Number of protein chains: 2
Amino acid sequence: MTKELLLAAMAPHVLANGLATASLRPLAKAAGTSDRMLIYHFGSKEELVAALLDYLAQGFSDGLDASRPTEPARSRAECLAQIVPLIRRPELAGHLRIWFEAVSHAKAGEPNYAKAVHEIQGYFLNWVRLRLPVDDPDPEAATALILTILDGIEMLDATGHSATADQAVALFAQISDGSSGSIS
Amino acid sequence: MTKELLLAAMAPHVLANGLATASLRPLAKAAGTSDRMLIYHFGSKEELVAALLDYLAQGFSDGLDASRPTEPARSRAECLAQIVPLIRRPELAGHLRIWFEAVSHAKAGEPNYAKAVHEIQGYFLNWVRLRLPVDDPDPEAATALILTILDGIEMLDATGHSATADQAVALFAQISDGSSGSIS
DNA sequence: ACCTTCTTGTAGCGACTGCTACAATCGGGG
DNA sequence: CCCCGATTGTAGCAGTCGCTACAAGAAGGT
């Protein structure tokens with residue numbers, strides 16, 4: 001499909017400049033065509049954006065999978081500590097920017113975005129579960145807590161409070177390791 | 001200052017319709033004046049938005065303070081469990097929507113928004129600390145972890161994964177309570 | 001009364017938005 | 001060969017955007 005080629009050509013532009021300022025003519029220029037053609041192929045800007053979201057989500061999950069799981073973590077804390085640097089890699093910054101834009105639109109009630117972010121979050125949830133220790137007594141809840149902390153870290157990073165996020169990771173390690181005397 | 005009155009008149013419109021679609025003419029209509037006057041008073045739309053962010057942040061923190069701390073929590077888990085329903089109150093939905101919009105702009109590199117969300121997050125951090133148990137052995141780290149989880153819950157709620165957020169809260173209660181035998 | 005300064009209304013500019021009408025081009029099947 | 005559908009270029013429409021030029025009140029000190 002020609003659509004795929006167009007999406008691949010537009011994706012870098014969107015990752016660099018965001019969705020908010022992405023209007024048809026600049027997008028077309030980035031893809032080497034005209035706004036006329038984008039409408040012709042995608043029908044409307046709304047469907048274009050939906051296709052872009054799909055495409056970028058695919059790229060994001062590929063980027064995650066590219067960080068090979070090596071082997072599952074040995075504890076919940078180790079699981080979290082391994083993932084944090086992954087989501088902080090600079091090459092994912094563009095994707096995270098789009099992520100926040102999409103979440104913002106979802107919170108504003110736009111169904112396309114709500115569906116997209118719901119799916120991506122669900123995918124990420126599964127991805128985290130695969131990195132849990134295999135012998136975790138409650139994998140579902142552990143995944144939920146780790147994902148929650150990861151999302152919180154993204155928010156703190158976005159607001160310039162990365163140091164606070166680091167403190168949280170450190171304390172979680174202290175608390176959740178049932179190995180040594182972590183009783184208060 | 002007349003500015004205050006204008007901001008107060010525009011705030012409900014922004015909370016209901018978001019910042020993204022807030023252009024001068026609708027804002028002016030909501031405030032009972034003309035776009036001409038908004039520019040006259042605020043100089044430019046950029047300064048208008050900055051003033052609105054300040055004003056809304058004030059309203060948000062007032063909304064938080066209005067949920068009286070009753071008394072500090074008796075454990076970290078109780079602290080978290082008390083705050084979660086507060087940030088989920090429907091009357092804060094508009095503020096949360098603006099919050100995500102602002103974070104998205106901050107992530108996109110706009111300095112006004114970056115400064116605003118950094119300050120609000122810092123304010124929220126302090127607010128959480130005041131609700132911690134007074135005898136917490138490491139208040140700073142505990143606040144960091146609880147704030148991280150709270151931010152993660154907001155993200156999960158925004159993406160339609162509130163149930164996952166609830167699981168995280170439940171597991172945190174189980175893990176962090178150093179009272180009974182929580183050793184794995 | 002007069003002049004200055006603050007405030008406000010009317011009208012509009014130039015740039016941009018998503019999208020479309022119209023027509024030219026092209027490739028492949030009859 | 002010729003026609004027909006798919007693809008593309010040119011030009012432009014109607015609307016919105018932030019912002020401004022111009023001028024008319026309004027208020028108040030001298």
Side-chain angles (χ1 to χ4, degrees), chain A residues 1-11 13-56 97-98 101-102 104-106 108-113 116, chain B residues 1-56 97-98 101-102 104-106 108-113 115-116:
Chain A
M1 230 33 176
T2 319
K3 283 194 190 181
E4 287 294 321
L5 297 175
L6 288 174
L7 290 172
M10 288 183 290
H13 179 264
V14 172
L15 286 176
N17 300 96
L19 269 174
T21 66
S23 43
L24 286 181
R25 276 169 257 254
L27 281 177
K29 197 158 102 179
T33 45
S34 64
D35 55 337
R36 171 70 183 74
M37 279 301 97
L38 292 184
I39 296 291
Y40 174 75
H41 282 296
F42 294 93
S44 71
K45 192 197 177 181
E46 197 180 347
E47 298 174 69
L48 207 212
V49 171
L52 270 171
L53 280 181
D54 266 17
Y55 186 87
L56 292 172
R97 174 183 177 174
I98 308 297
E101 286 196 24
S104 150
H105 282 108
E110 302 179 41
N112 285 347
Y113 287 92
Chain B
M1 227 35 175
T2 319
K3 282 195 193 184
E4 287 294 321
L5 296 176
L6 289 175
L7 290 173
M10 288 183 289
H13 179 265
V14 172
L15 287 176
N17 301 94
L19 268 175
T21 65
S23 43
L24 287 181
R25 277 170 257 253
L27 281 177
K29 198 158 101 180
T33 46
S34 64
D35 55 337
R36 171 72 182 72
M37 279 300 97
L38 292 184
I39 296 293
Y40 175 75
H41 282 295
F42 294 93
S44 71
K45 192 197 177 181
E46 197 180 345
E47 298 174 71
L48 206 212
V49 171
L52 270 172
L53 279 181
D54 265 17
Y55 186 86
L56 292 172
R97 174 182 177 174
I98 308 297
E101 285 196 24
S104 150
H105 283 106
E110 302 179 41
N112 284 347
Y113 287 91
K115 181 168 161 287

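Below, chains carry the letters A, B, ... as their sequence lines are ordered, and counting in each starts from 1. All values below were derived from every heavy atom in this structure, side-chain atoms included, with hydrogens, water molecules and symmetry-related copies excluded. Quick caveat, the model's predicted, so the values are computed rather than measured.
Pairing each heavy atom of A/Ala31 with each of A/Ala9, the nearest pair is CA-CB, 3.8 Å.
The nearest whole Å value for the distance from the CZ atom in B/Arg36 to the P atom in D/dC22 is 13 Å. Atom P of nucleotide D/dG12 and atom CG of A/Asp35 are separated by 15 Å, given to the nearest angstrom. If you measure from atom CG of B/Leu24 to atom P of D/dT20, you get 11 Å, rounded to the nearest angstrom. Atom pair B/Arg25:CZ and D/dC19:C1' shows a separation of 9 Å (rounding to whole Å applied).
Rounded to the nearest 0.5 angstrom, A/Leu56 CG and A/Leu7 CG are separated by 8.5 Å.
Applying the salt bridge (charged side-chain N to carboxylate O under 4.0 Å, His left out) test to every pair with at least one member in residues 26-35 of chain A, sequence neighbours left out, gives these pairs: A/Arg25-A/Asp35. Pairs engaging residues 45-56 of chain A under the salt bridge (charged side-chain N to carboxylate O under 4.0 Å, His left out) rule: none recorded [sequence neighbours left out].
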Please list every donor-acceptor pair under 3.5 Å in which a side-chain atom of residues 17-24 of chain A meets a protein atom from a residue at least two apart or in another chain.
residue: A/Thr21; atom: OG1; partner: A/Asn17; partner atom: O; Å: 3.1

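Residues A/Leu27 and A/Leu38 meet the side-chain proximity criterion, which asks for heavy atoms closer than 4.5 Å. Within the 4.5 Å cutoff, no side-chain heavy atoms of B/Met37 are placed close to those of B/Leu6.
A 4.0 Å heavy-atom criterion places the boundary nucleotides of DNA chain C facing chain B at C/dC6 to C/dG12, written 5' to 3'.
Qualifying ring-ring contact (aromatic ring centres under 6.0 Å, His included) partners for A/Tyr113, counting only residues two or more places apart in sequence or in other chains: A/His105.
For the contact set between residues 39-49 of chain B and DNA chain D, defined by any heavy atom under 4.0 Å, the members are B/Ile39, B/Ser44, B/Lys45.
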